[in-house]
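I have a structure here, written as structure tokens, and I will follow up with some questions on it.
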There are 2 protein chains.
Amino acid sequence: MAHEQLTLSFQLCFRVYALERELMAAYRPLLDQLGLTYPQYITMLYLWEHEKGTVGELCSALSLDTGTMSPLLKRLEASGFITRRRLPSDERTVEVSLTKKGRELEGQALSVPEHIASCLLTSDKDEQGRRYHELKLILDQALEQLRTSRKERESALVN
Amino acid sequence: MAHEQLTLSFQLCFRVYALERELMAAYRPLLDQLGLTYPQYITMLYLWEHEKGTVGELCSALSLDTGTMSPLLKRLEASGFITRRRLPSDERTVEVSLTKKGRELEGQALSVPEHIASCLLTSDKDEQGRRYHELKLILDQALEQLRTSRKERESALVN
DNA sequence: CACTACTAGGTTGCGTACAATATAACAGAA
DNA sequence: TTCTGTTATATTGTACGCAACCTAGTAGTG
């Protein structure tokens with residue numbers, strides 16, 4: 001493979017790594033006021049939209065495993081935003097629901113996207129909007145690419 | 001701000017968050033064989049290029065703070081890849097250097113970029129190369145944008 | 001029913017990330 | 001020289017993120 005492609009791949013990875021942390025740093029002061037972290041915030045976003053969901057659905061929606069999600073939900077429960085209960089129909093599955101306090105938090109979170117957008121967008125919003133739309137598409141392609149590669153690796157291990 | 005821009009920003013953040021973890025998952029099996037994590041790997045990349053550096057230089061090159069870098073370097077030292085010593089000229093500064101074992105590791109790491117590139121690039125390498133080059137530019141712009149916004153926030157706090 | 005396999009979540013251990021704080025060393029002013 | 005402020009790094013505490021393992025509940029088979 002061409003040296004340039006190897007260099008490019010490395011630079012992409014490093015930038016994604018750096019950008020992820022820079023984005024978290026942008027969210028942090030906003031979410032601090034709500035008493036949430038970013039992973040907790042996107043968990044709440046899921047619940048604000050769907051009102052409830054099982055642990056498995058949350059793991060799958062956010063691409064997180066139970067080792068991350070279980071303690072995270074425990075903390076959200078301790079903060080009083082959600083409740084957890086085992087389903088009578090299947091005692092293995094745990095259903096997560098919003099509390100009154102959790103539902104009310106949505107109102108306070110309404111300004112978060114605006115703040116983040118204003119950190120990402122500068123003067124020429126139309127031009128930048130087009131670029132970011134393009135960026136979203138490429139990120140999706142890269143994600144799908146990597147997930148496909150990972151599944152191939154994993155099934156190769158089994159066989 | 002337009003609702004579409006708010007939605008777009010959120011989707012970008014979520015995808016960067018997901019892509020970062022998917023990339024780490026792609027690196028993990030490769031780096032496991034070297035006995036490195038991704039942050040340790042990019043630390044070694046810096047040292048393979050520069051032979052040595054201070055803790056501060058490493059923090060700044062990788063955009064990590066000392067709370068992350070200090071224990072990371074301690075682990076790299078425990079693995080025998082680096083040594084640390086305080087500079088006689090300034091006892092506050094710690095200089096990190098490669099050991100023989102650390103230098104030799106570079107040879108075993110040569111195939112890593114190739115593997116990652118092959119997970120990211122599929123059939124049409126030229127077309128995809130162009131897209132990823134574009135992606136790199138947009139990531140850089142987003143990074144700079146966010147860093148500028150952050151500096152503004154921080155200096156606003158001081159004043 | 002007894003046995004086996006599978007599934008949904010939880011727990012443990014290790015390594016980041018980072019805010020907040022601590023500490024020692026240096027640098028400049030009085 | 002002493003005091004003061006700053007700098008470079010380390011430490012502590014909290015929260016991910018994930019591999020590996022554990023457990024209880026369910027489902028299918030004979």
Side-chain angles (χ1 to χ4, degrees), chain A residues 17-29 31-43 53-60 62-79 82 84-96 150 153-154 157, chain B residues 17-29 31-32 34-43 53-79 84-96 150 153-154 157-158:
Chain A
Y17 171 64
L19 182 57
E20 189 265 350
R21 284 174 296 136
E22 203 62 52
L23 281 173
M24 296 304 114
Y27 272 105
R28 201 167 297 119
L31 297 181
D32 272 353
Q33 298 178 325
L34 309 182
L36 294 176
T37 63
Y38 181 77
Q40 290 171 5
Y41 169 66
I42 57 178
T43 302
T54 68
V55 172
E57 286 165 356
L58 284 166
C59 284
S60 143
L62 311 186
S63 317
L64 287 169
D65 86 3
T66 66
T68 303
M69 191 51 85
S70 267
L72 187 157
L73 291 173
K74 213 185 252 182
R75 283 185 284 271
L76 282 179
E77 190 174 38
S79 302
I82 64 166
R84 292 189 292 170
R85 65 170 196 129
R86 300 223 167 238
L87 286 185
S89 57
D90 184 342
E91 288 281 342
R92 291 171 304 179
T93 68
V94 169
E95 186 186 70
V96 179
R150 183 149 65 101
R153 273 199 311 278
E154 281 165 5
L157 280 181
Chain B
Y17 172 64
L19 183 58
E20 189 265 350
R21 284 175 294 136
E22 202 64 50
L23 281 173
M24 295 304 114
Y27 271 105
R28 201 167 297 119
L31 297 181
D32 273 353
L34 309 181
L36 294 176
T37 63
Y38 181 76
Q40 290 170 5
Y41 169 65
I42 57 178
T43 301
T54 67
V55 173
E57 286 165 356
L58 284 166
C59 284
S60 140
L62 311 186
S63 316
L64 287 169
D65 84 5
T66 66
T68 303
M69 190 52 85
S70 267
L72 187 156
L73 292 172
K74 212 184 255 181
R75 283 185 283 271
L76 281 179
E77 189 174 39
S79 303
R84 291 187 295 169
R85 67 171 194 125
R86 300 225 166 235
L87 286 185
S89 57
D90 183 343
E91 288 280 343
R92 292 170 304 177
T93 310
V94 171
E95 185 186 69
V96 179
R150 184 148 66 101
R153 272 199 311 277
E154 280 164 5
L157 280 181
V158 173

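Just so it is clear: chains get the letters A, B, ... in the order the sequence lines come, proteins before strands, and each one is counted from 1. The figures here come from the full heavy-atom set of this structure, side chains too, leaving out hydrogens, waters and symmetry mates.
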Would you name the heavy atoms of A:Met69 and A:Cys59 that are closest together and state the gap between them?
->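 So the two residues come closest at CB-SG, 3.6 Å.
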
How do B:Asp65 and A:Tyr38 order along DNA chain D: which one's closest nucleotide is nearer the 5' end?
->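 In this pair, the answer is B:Asp65.
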
Verify the contact: side-chain N or O of B:Thr37 to OP1 or OP2 of C:dT16, cut-off strictly under 4.0 Å; return yes or no.
->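 Yes, such a contact exists.
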
Kindly say if A:Tyr17 contacts the phosphate of C:dA17, meaning a side-chain N or O under 4.0 Å from OP1 or OP2.
->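 Affirmative; the distance criterion is met.
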
What integer distance in Å separates B:Leu87:CG from C:dA24:P?
->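 Computing the B:Leu87:CG to C:dA24:P distance gives 19 Å.
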
Looking at B:Lys74, does any N or O in its side chain come under 4.0 Å of the phosphate oxygens OP1/OP2 on D:dT11?
->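 Answer is yes, contact under 4.0 Å.
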
Quick one: on DNA chain D, does A:Arg150 or A:Pro71 contact a more 5' nucleotide (nearest heavy atom)?
->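 The residue closer to the strand's 5' end, by nearest nucleotide, is A:Pro71.
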
A:Leu64 CG to C:dG10 C1', straight-line distance once rounded to whole Å =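 Taking CG of A:Leu64 and C1' of C:dG10, I get 15 Å after rounding.
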
Which heavy-atom pair separates B:Arg86 from B:Arg92 by the least distance, and what is that distance?
->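 Where B:Arg86 meets B:Arg92 most closely, the heavy atoms are NH1-O, 2.9 Å.
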
B:Tyr41 vs B:Tyr27 aromatic rings, parallel, tilted or perpendicular, using cut-offs 30° and 60°?
->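 Answer is tilted, since the angle falls between 30° and 60°.
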
Which heavy atom of B:Leu62 sits nearest a heavy atom of B:Pro39, and at what distance?
->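 B:Leu62 and B:Pro39 have their closest heavy atoms at CD1-O, 4.4 Å.
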
At under 4.0 Å, does any side-chain N or O of B:Arg75 touch on OP1 or OP2 of C:dT16?
->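 Checking C:dT16 against B:Arg75, a side-chain N or O does come within under 4.0 Å of OP1 or OP2.
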
Measure from the side-chain heavy atoms of B:Val94 and tell me the nearest of D:dG25, D:dC16, D:dA10.
->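 The listed nucleotide nearest to B:Val94's side chain is D:dA10.
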
Counting only side-chain N and O atoms of B:Arg28, is one of them less than 4.0 Å from OP1 or OP2 of D:dG17?
->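 Checking D:dG17 against B:Arg28, no side-chain N or O comes under 4.0 Å of OP1 or OP2.
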
Verdict with reasoning, B:Arg84 to B:Glu77, per salt bridge (charged side-chain N to carboxylate O under 4.0 Å, His left out) | CA-CA 8 Å; B:Arg84 291 187 295 169; B:Glu77 189 174 39; 3.3 Å; yes

Would you kindly give the CG-to-P distance between B:Leu73 and C:dT16, to the nearest whole Å?
->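 Atom CG in B:Leu73 sits about 10 Å away from atom P in C:dT16.
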
Is B:Arg85 salt-bridged to B:Glu95, cutoff N-O under 4.0 Å?
->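 A salt bridge is present here (some side-chain N lies under 4.0 Å from a carboxylate O).
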
Nearest-Å distance for atom pair CD1/P, residues A:Ile82 and C:dG9 |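 These atoms are roughly 13 Å apart.
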
What's the CZ-C1' distance between B:Arg21 and D:dA19, to the nearest Å?
->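 So the CZ-C1' distance, B:Arg21 to D:dA19, works out to 15 Å.
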
Heavy-atom closest contact (A:Ala25 atom, B:Arg150 atom, distance) =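 It is CB-CD, 4.1 Å.
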
Indicate, with a heavy-atom threshold strictly under 4.0 Å, whether A:Thr93 touches base, sugar-phosphate, or nothing.
->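 Sugar-phosphate, no base atom in range.
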
Checking all strands, does B:Gly67 fall into the base, sugar-phosphate, or nothing category for heavy-atom contacts under 4.0 angstrom?
->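 If one applies the 4.0 Å heavy-atom cut-off, B:Gly67 turns out to touch a base.
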
Between protein and nucleotides 2-6 of chain C, what N or O pairs are separated by less than 3.5 Å?
none

According to a strict under-4.0 Å criterion, is A:Arg84 in side-chain N/O contact with OP1 or OP2 of C:dG9?
->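 Answer no for this pair, as no side-chain N or O of A:Arg84 is under 4.0 Å from OP1 or OP2.
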
Separation of atom CG in A:Asp90 from atom P in D:dA27, rounded to whole Å =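 Atom CG in A:Asp90 sits about 6 Å away from atom P in D:dA27.
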
Base C:dG10 paired with A:Thr66 side chain (donor-acceptor, <3.5 Å) |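 Counting by modelled atom types and ignoring angles, a donor-acceptor contact under 3.5 Å is found here.
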
